[in-house]
Amino acid sequence: MNFNLNFNDIAENYLFAEVADRVAKYTKTHPDKKIIKLGIGDVTLPLVPSVIKALHEGVEDMSKSQTFKGYGPYEGYDFLRENILAYYNKMGVNLALDEIFVSDGAKSDLGNILDIFSKDNVVLVPDPVYPVYVDTNIMAGRKIIFANATEKNGFLPMPDYKVHADIIYICSPNNPTGACYNKTQLKEWVDYANKNNAVILYDAAYECFVSDGSLARSIFQIEGAETCAIEFCSFSKMAGFTGTRCGYTVVPKKLVKDGFSANKTWLRRQATKFNGVPYIVQKGASAVFTEEGMKEIKQNLAYYMENAKTIAECMDELGIWYTGGKNSPYIWLKCPKGMGSWQFFDYLLENAQVVGTPGAGFGKNGEGYFRLTAFGSKEATKEAVERIKKLLK
């Protein structure tokens, strides 16, 4: 027996585990200090009433033999997939029902999708980047190359035709930087992928925060994407399902190479390794797309975006460079006074008791930058901003 030694090549500590460890040590030595956490992108508002009602209905269904559900479809129940289909139609995207696969979250599928691709594929990820993209490919032993995202290009790298990649990760609105590609920029990536016979793994977990019509909410709003892209979405930030777990992945039937269908292969993979999302959870997720559910969801999203605005205005007042805060719940700021990412993390924790996420944890280009999230309560966000202003002025 031998273990997968590729695990030796990933960071020993997951970024957010290191953040939690430092906060725990500080709390132990300063038990009287009130800490405000604006680091991990976890929501704080409860599930909306429409979702709670549907979850209870799901529980009731499971209590009666006439409506009890055992194993469900691997790709998800039709009642949820049909609602997702209608949601895409409102964006001007026409999908087939069998192109939609319900999952337990975007993070899982972003890693699991790699099962259908050869280990010989070269992977292109932006730097800085959500750690899962990098770590899951290192675990599989793939070669990874990086597209430099920097302040100079607004943390939105564009294709380089001198570089060949087989698998390309794009997240827009981006985690961690909050930067968003416009439709013209995404068209360049789609054209690059089609020309290079590559696939784009498009993380659209934050599409619900986009209000600017010039920005895409789905890669499939871009002409040609159906032959080169797979899209991953989540109810985590959209509807507060971080603890309930539900998402969906769109695998178009036109994504075919040498007669090999990504859609059919992904269904086969799911049938082998995944037993589906619980019926009760899918009932709750389906309620998100009802008229009342969407109304309630939009109120929650507006709440978080008001927090983002509060943080962004603080950065403006302090004269600190940043991206995000508009069409995104993340604010990616340049550390003041030339501090390093972890240096600023400790400085902010020790002097203002505010927790963010060091940019260095997202890649080498993240060094010197810092991420704050809008997912705290309104009161906590306002207090954190006042503490930051007092400290940095």
Side-chain angles (χ1 to χ4, degrees), residues 75 81 84-85 87-89 91-103 106-118 121-126 129-130 132-133 136-137 142 145 147 156-161 163-175 179-208 210 215-234 247-258 260-267 269-270:
E75 60 270 53
R81 296 162 76 212
I84 295 170
L85 196 70
Y87 182 68
Y88 271 90
N89 285 340
M91 291 187 243
V93 176
N94 297 312
L95 301 174
L97 195 67
D98 56 0
E99 293 178 314
I100 299 170
F101 298 82
V102 178
S103 71
K107 181 179 180 179
S108 300
D109 276 7
L110 279 160
N112 293 335
I113 197 73
L114 297 173
D115 281 359
I116 74 171
F117 297 112
S118 167
N121 285 320
V122 176
V123 180
L124 177 68
V125 296
V129 69
Y130 184 42
V132 170
Y133 306 162
T136 50
N137 280 288
R142 286 190 183 85
I145 56 177
L156 293 170
M158 297 303 295
D160 181 354
Y161 279 90
V163 175
H164 175 80
D166 303 300
I167 298 173
I168 303 159
Y169 284 86
I170 295 178
C171 178
S172 183
N174 186 268
N175 179 17
C180 305
Y181 282 108
N182 61 37
K183 293 176 181 177
T184 301
Q185 292 170 320
L186 285 177
K187 184 65 169 73
E188 286 191 46
W189 276 112
V190 167
D191 289 346
Y192 170 88
N194 278 321
K195 186 173 182 179
N196 281 275
N197 203 14
V199 62
I200 294 173
L201 303 183
Y202 191 80
D203 186 350
Y206 301 93
E207 60 81 18
C208 55
V210 173
L215 305 175
R217 293 177 58 186
S218 166
I219 191 67
F220 299 115
Q221 290 174 301
I222 309 302
E223 184 183 359
E226 68 277 3
T227 58
C228 70
I230 296 173
E231 182 160 289
F232 306 84
C233 297
S234 172
Y248 52 95
T249 295
V250 178
V251 187
K253 288 184 283 190
K254 288 185 179 180
L255 182 52
V256 177
K257 181 180 179 182
D258 300 328
F260 203 78
S261 166
N263 181 280
K264 290 181 179 179
T265 307
W266 179 241
L267 175 60
R269 186 269 175 206
Q270 293 296 80

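Every heavy atom of this structure was used, including side-chain atoms; hydrogens, water molecules and symmetry mates were not. These figures come from a predicted structure and were not determined experimentally.
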Checklist entry - Are the side chain of E99 and the backbone of K253 linked by a donor-acceptor contact shorter than 3.5 Å? => result yes

Checklist outcome for this item: Residues passing the side-chain hydrogen bond (donor to acceptor under 3.5 Å, both in side chains) test with K183, sequence neighbours excluded, are none

Next on the checklist: According to side-chain hydrogen bond (donor to acceptor under 3.5 Å, both in side chains), who are the partners of N137, at least two apart in sequence or on a separate chain?
Outcome noted: R142, Y169

Checklist entry - Looking at residues at least two apart in the chain, or sitting in another chain, which of them share a salt bridge (Lys or Arg N to Asp or Glu O under 4.0 Å) with E231? => result none

Checklist entry - Which residues satisfy the salt bridge (Lys or Arg N to Asp or Glu O under 4.0 Å) test with K254, sequence neighbours excluded? => result none

Checklist outcome for this item: Residue pairs passing the salt bridge (charged side-chain N to carboxylate O under 4.0 Å, His left out) test with at least one member in residues 215-229, sequence neighbours excluded, are E207-R217

Checklist entry - What residues form a salt bridge (Lys or Arg N to Asp or Glu O under 4.0 Å) with D160, not counting sequence neighbours? => result none

Checklist entry - side-chain hydrogen bond (donor to acceptor under 3.5 Å, both in side chains) with S103: which residues, sequence neighbours excluded? => result D109

Checklist entry - What residues form a side-chain contact (heavy atoms from CB on, under 4.5 Å) with L156, not counting sequence neighbours? => result A179, Y181, Q185

Item to check | ring-ring contact (aromatic ring centres under 6.0 Å, His included) involving Y87 - partner list, sequence neighbours excluded | outcome: F289

Item to check | Those residues that, when tested against S118, pass side-chain contact (heavy atoms from CB on, under 4.5 Å) (two or more places apart) | outcome: D120, N121

Item to check | side-chain hydrogen bond (donor to acceptor under 3.5 Å, both in side chains) partners for N196, two or more places apart | outcome: H164

Next on the checklist: Among residues at least two apart in sequence or on other chains, which ones pass salt bridge (Lys or Arg N to Asp or Glu O under 4.0 Å) with R81?
Outcome noted: D78

